[in-house]
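Working notes, beginning with the structure itself.
Everything numeric here is computed off the predicted structure, so don't read it as measured data.
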Amino acid sequence: MKVSLIATVKDAGPAIHEFLASLAAQTRPPDETVIVDGGSGDGTLEALRASSLALTVLSEPDANIPRGRNLAVKAATHDVIAVTDADCVLAGDWLERLLAPIAAGADVSAGFYRPLPGSFWQECIAATNMPEASELGAGWMPSSRSVAFTRAAFEAAGGYPEWLPVGEDMFLDRRFAELGLEIEPALDAVVYWRVRPSLAATWRQYAGYARGDALAGMYPQRHAARFGAYALALTAVATRSRVLRAAALAGGIAYSSKPLRRAWRRFAGSPPRRFASLVGVPAAMAFIDAAKLSGYLQGVRARRSGVYPGERQPSDVDP
């Protein structure tokens with residue numbers, strides 16, 4: 001079985017060298033690698049072209065991520081496609097393990113990803129949104145930073161939706177599921193990714209995800225529940241109702257319990273951070289939820305107006 005590895009990138013900075021080093025260290029190297037640069041101005045494109053690895057590098061200024069991925073798949077010559085992001089770090093056996101379900105007959109292999117160590121804030125963000133492999137069950141929908149599929153599955157699903165600038169990988173996953181294709185988890189196929197380094201970048205990221213959900217009509221129940229929960233909390237504060245306050249408190253504890261347990265485990269070697277996470281994780285959750293509420297409303301307005309903005313591809317390492 002031959003495999004084409006594809007990735008998109010824009011302004012990855014020093015991260016591109018870590019990605020290339022991890023690509024070179026794969027126990028099962030790809031048979032070809034196709035990378036589409038969305039218009040880097042920081043030397044990323046030059047670093048790719050100067051690499052000693054055998055890369056096919058395409059430049060498509062202003063291409064958004066789904067457009068870049070579609071171009072890469074089109075340029076690829078093999079019928080099994082592995083996908084990642086070129087600002088990530090690949091575990092040494094990532095591709096080998098990712099391909100195992102495809103070799104066994106699956107249409108899609110759903111890989112896993114973990115955060116790279118970072119600041120206390122980045123660790124709290126990761127605990128909020130990045131589950132442990134042990135928490136996942138059937139129906140795991142992979143990010144396109146760690147996924148593989150057959151070309152036949154990709155073409156049947158219609159490829160990545162270029163009209164959807166954010167959340168395009170979840171849209172494709174849902175198309176795979178709707179078509180009844182066999183999606184098998186490969187939770188030991190791990191890619192390491194970078195959590196956004198600032199509040200502003202984190203806000204843009206999660207607002208963008210929620211806006212993409214609204215544009216594509218994805219996960220309406222999940223977003224409705226979020227609006228309902230915060231409406232209840234605000235009502236409890238405004239009315240000073242003991243019953244509503246007790247309900248809001250109980251709901252908040254239940255909502256934050258799993259991320260808090262993750263953070264408690266991940267900060268096992270640092271007691272001060274462990275205890276600080278009892279405040280940091282709920283604060284991170286509230287911040288991310290506010291971004292999602294804002295982004296979803298923006299997406300609903302755009303969807304109703306019939307406008308689907310083909311935004312420029314954001315930097316993989318957003319400043």
Side-chain angles (χ1 to χ4, degrees), residues 3-10 30 34-36 38 58 60 63-76 78-88 94-95 98-99 101-102 105-113 129 131 136 138-187 189 191 193 205-206 208-220 222-223 295-296 299 303 308-314 316:
V3 58
S4 300
L5 173 63
I6 71 156
T8 58
V9 70
K10 183 183 177 189
V34 182
I35 301 178
V36 175
L58 307 177
E60 185 76 6
N64 62 13
I65 291 173
R67 170 68 174 164
R69 287 185 177 141
N70 284 341
L71 288 171
V73 172
K74 183 178 180 181
H78 302 307
D79 288 331
V80 175
I81 310 294
V83 189
T84 190
D85 292 327
D87 69 324
C88 292
W94 170 72
L95 189 58
L98 187 67
L99 293 178
I102 303 290
D107 300 298
V108 180
S109 175
F112 194 56
Y113 46 94
N129 284 284
L136 304 176
W140 164 243
M141 293 291 191
S143 161
S144 281
R145 65 173 64 96
S146 184
V147 70
F149 41 73
T150 64
R151 185 179 296 275
F154 180 78
E155 292 175 351
Y160 288 99
E162 296 182 15
W163 53 267
L164 183 62
V166 181
E168 77 294 333
D169 47 1
M170 292 299 107
F171 186 92
L172 182 61
D173 287 345
R174 287 161 64 94
R175 286 290 297 138
F176 288 146
E178 289 167 2
L179 292 168
L181 300 177
E182 184 179 351
I183 305 173
E184 287 295 327
L187 302 183
V191 163
W193 64 287
Q205 180 184 21
Y206 288 97
Y209 288 161
R211 186 169 62 253
D213 285 352
L215 286 171
M218 297 189 294
Y219 311 115
R222 181 185 301 177
H223 290 283
Y296 195 78
R303 183 179 175 90
Y308 295 87
E311 296 177 356
R312 294 179 61 183
Q313 177 171 310
D316 287 332

- [ ] Say whether, by atom type as modelled, one donor and one acceptor occur between the side chain of D213 and the main chain of G167 under 3.5 angstrom.
- [x] no
- [ ] Examine distances only and state if a side-chain atom of S109 and a backbone atom of L99 form a donor-acceptor pair shorter than 3.5 Å.
- [x] no
Task: Test item: D79 side-chain N/O and R151 main-chain N/O as donor-acceptor pair under 3.5 Å - done: no
Task: Heavy-atom closest pair, residues P66 and Y160 - done: CB-CB, 3.7 Å
- [ ] Apply side chain to side chain contact (heavy atoms under 4.5 Å, CB included) to V108 and V147, showing your working.
- [x] CA-CA 7 Å; V108 180; V147 70; 4.0 Å; yes
Open item on the list: For a quick test of reading the model, state the closest non-hydrogen atom pair linking P220 to Y296 and the distance between them.
Closed with: CA-OH, 3.9 Å
TODO: Take V191 and W94 through the test side chain to side chain contact (heavy atoms under 4.5 Å, CB included) and record every step on the way to the result.
DONE: CA-CA 7 Å; V191 163; W94 170 72; 3.3 Å; yes
Task: Within 45° cone of Y219 ring axis and under 6.0 Å: R174 NZ or CZ - done: yes
- [ ] Calculate, to the nearest 0.5 Å, the distance between atoms OG1 and CZ belonging to T8 and R145 respectively.
- [x] 11.0 Å
Open item on the list: Could you measure the distance from the OH atom of Y113 to the SG atom of C88? Nearest 0.5 Å is fine.
Closed with: 10.5 Å
Open item on the list: Testing the basics here: between I6 and R69, what is the closest heavy-atom pair and its distance to 0.1 Å?
Closed with: CD1-O, 3.7 Å
- [ ] Check the pair F149 / V83 against side chain to side chain contact (heavy atoms under 4.5 Å, CB included), numbers first and verdict last.
- [x] CA-CA 9 Å; F149 41 73; V83 189; 3.7 Å; yes
- [ ] Locate the shortest heavy-atom distance separating I183 from D173; write the atom from each residue and the value.
- [x] CD1-O, 4.3 Å
TODO: Would you check if D85 and W193 make a side-chain contact, meaning some heavy-atom pair closer than 4.5 Å?
DONE: no
TODO: Give, for atom CD1 of I35 and atom OG1 of T84, the distance between the pair rounded to the nearest 0.5 Å.
DONE: 10.0 Å
- [ ] Would you give the length of the straight line joining atom CZ of R67 to atom CD of E168, rounded to the nearest 0.5 angstrom?
- [x] 14.0 Å
- [ ] Could you tell me the separation between the CE atom of M141 and the CG atom of L172, rounded to the nearest 0.5 Å?
- [x] 10.0 Å
Open item on the list: Show, in sequence, the C-alpha distance, side-chain angles and deciding distance for D107 and E182, and conclude whether the side chain to side chain contact (heavy atoms under 4.5 Å, CB included) test is met.
Closed with: CA-CA 5 Å; D107 300 298; E182 184 179 351; 3.5 Å; yes
- [ ] To the nearest 0.5 angstrom, please state how far the CG atom of L98 sits from the CG atom of L187.
- [x] 11.0 Å
Task: Closest non-hydrogen atom pair between H223 and A210, with its separation - done: CE1-CB, 3.9 Å
TODO: Compare every heavy atom of P101 with every heavy atom of P185, then report the nearest pair and how far apart it is.
DONE: O-CG, 4.1 Å
